[in-house]
Amino acid sequence: MSPSSVPLLDVTERANLRLHNSFGLPAVAAILVRVASAADVRRVVDHPAYGVAPQFILGGGSNVVFTRDLDAVVLKVEIMGRRLLAETADAWIIEAGAGESWAELVAWTVAQGWPGLENLALIPGSVGAAPVQNIGAYGLELKDRFESLDAVDLVTGRSVTLGAAECRFGYRDSVFKQHLAGKSVITTVRLRLPRPWRPVLGYLDLERRMLETGNARPDAATIFDWVCAIRRAKLPDPAVIGNAGSFFKNPVVTPEQCRDIIGRDPEIVHYPMADGSVKLAAGWLIDACGWKGKSVGRAGVYDKQALVLVNRGGASGAEVVTLARAIQESVYGRFGIRLEPEPIIV
Ligand code: EPU
């Protein structure tokens, strides 16, 4: 291939990232490269300057808080495409490019008659970001529907395919937030939707819908509609109010710690876990400290769900972090529990 026929990278210098993060926070990337294929990622790796510069991987930007400009090469993953890869007696296997919208993928699969992702409806962000933090909602996590993914190593440029065990999924966690953080670009994700379909209805909000509607055997499209309605009622739409979903993880404590806290606050919302530990509702803890609807500068706590921090208009990442620290301190002061942020703070 002659040099002139080598496809060029789509590069923007001094790119504003405000429209590329769901919080709408201002930050300038020294270099923004839009990658449309695994080959584009390899071109970055092989590039004489970009390949050796600090790099930052950006998906839909729905789980990141920018507190500064990035003197780095930001790889904006825009790898598109989605298809039914295989249909077997026991599953539909769906394949999607990492740059696809997660919410659109879920809506499309349900509309096509391939149920199984409906509980994960309307979660903002890209398909490639879904495994990074093992997104979850209404009793289902990405790992429950995961088949495999392809990723390109940012050092060697080599493509690898990882299965669920290698991704080491945990609660809002995976190998991509641990030792592969910033080192590996997810390019394609495959999902396994089991046949026959079985609804996941254990979550309190869905049980409530069954009672209210008298529909005890909802189909996937109905569950999809319910989840969309529940989310719209509780969570701000990032297109309207900047936010990154839940700002903190729900903390997990020992049964002794939980007994101690319940002794002082009998109302505390908590869920026993399979391993004997107890998960506490961080939203409840923050709400109990009186934070709902409060603001620090132009960053605030959403008035319908205290776990969500919002940009009230023109907030900086520093303001969001100041608010988050103040919340952490008050929850620690009252309950002795350290809340851990869910998004990546840059
Ligand atoms: N609560 C309050 N006050 C609040 C918020 C919550 O008292 O301001 C109470 C609720 O009444 C409820 C409990 O806390 O009894 C839990 O609240 P909710 O059902 O809204 O869920 P969550 O634990 O706050 C988690 C996920 C969400 C996910 C929902 C539904 C985390 C960190 N968050 O929130 O995920 O949509 O469950 O499954 O695990 C995200 O990760 O970005 C996210 C939105």
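Worth saying up front: this structure is predicted, and the values here are computed from it rather than measured. Values reported hereafter were calculated over all heavy atoms of this structure, with side chains retained and with hydrogens, waters and symmetry mates removed. Both counts, for ligands and for their atoms, begin at 1 and track the order of listing.
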Do any N or O atoms from the side chain of Asp265 and from the backbone of Ile268 form a donor-acceptor pair under 3.5 angstrom? no
Heavy-atom distance to atom 15 (O) of ligand 1: which of Asp303, Ile135, Val269, Val227 wins? Val269
Tyr203 contact mode with ligand 1 (heavy-atom cut-off under 4.0 Å): side chain
shortest atom 31 (C) of ligand 1-to-protein heavy-atom contact is with Tyr171 OH, 3.3 Å
Does an N or O anywhere in Lys304 fall below 3.5 Å from an N or O of ligand 1? no
Heavy atom of the protein closest to atom 26 (C) of ligand 1 (residue, atom name, distance): Arg172 NH2, 3.4 Å
Tell me: protein heavy atom nearest atom 23 (O) of ligand 1, and distance? Asn250 ND2, 2.9 Å
Check for a donor-acceptor pair, side chain of Asp287 on one end and backbone N or O of Lys292 on the other, with a separation under 3.5 Å. no
Does a side chain donor of either Asp150 or Thr161 reach within less than 3.5 Å of an acceptor in the other side chain? yes
Does a side chain donor of either Trp108 or Glu100 reach within less than 3.5 Å of an acceptor in the other side chain? no
Measure the distance from atom 8 (O) of ligand 1 to every protein heavy atom, then report the residue, atom name and distance (to 0.1 Å) of the closest one. Ala306 N, 2.8 Å
Write out the residue and atom name of the closest protein heavy atom to atom 1 (N) of ligand 1, then the distance separating them to 0.1 Å. Trp284 N, 3.8 Å
Tell me which protein heavy atom sits closest to atom 5 (C) of ligand 1, plus the residue, atom name and distance to 0.1 Å. Gln305 OE1, 2.8 Å
Would you kindly specify which portion of Tyr271 sits under 4.0 Å from ligand 1, judged on non-hydrogen atoms: side chain, backbone, both or neither? side chain
Examine the side chains of Thr222 and Asp225 and answer whether a donor and an acceptor come within less than 3.5 Å of each other. no
Tell me which protein heavy atom sits closest to atom 36 (O) of ligand 1, plus the residue, atom name and distance to 0.1 Å. Arg231 NH1, 3.5 Å
As a test of the contact definition, would atom 44 (C) of ligand 1 count as having a protein heavy-atom neighbour under 4.0 Å? yes
Counting only heavy atoms not in Asp71, do more than 12 sit closer than 6.0 Å to its CG atom? no
Considering only heavy atoms, does Lys292 approach ligand 1 within less than 4.0 Å through its side chain, its backbone, both, or neither? side chain
Just to confirm my output: which protein heavy-atom neighbour is closest to atom 42 (O) of ligand 1, and how far is it? Ser246 N, 2.8 Å
Could you walk me through whether Arg190 and Glu95 satisfy the salt bridge (Lys or Arg N to Asp or Glu O under 4.0 Å) test, starting with their C-alpha distance in whole Å, then the side-chain angles of each, then the deciding distance to 0.1 Å, before giving a yes or no? CA-CA 4 Å; Arg190 280 166 225 100; Glu95 183 177 77; 2.8 Å; yes
Report the C-alpha distance between Arg209 and Asp205 in whole Å, list the side-chain angles of each, state the deciding distance to 0.1 Å, and finish with yes or no for salt bridge (Lys or Arg N to Asp or Glu O under 4.0 Å). CA-CA 6 Å; Arg209 287 270 155 167; Asp205 284 341; over 6 Å; no
Heavy atoms of Asn215 and Pro218 approach each other most closely as OD1-N, 3.3 Å
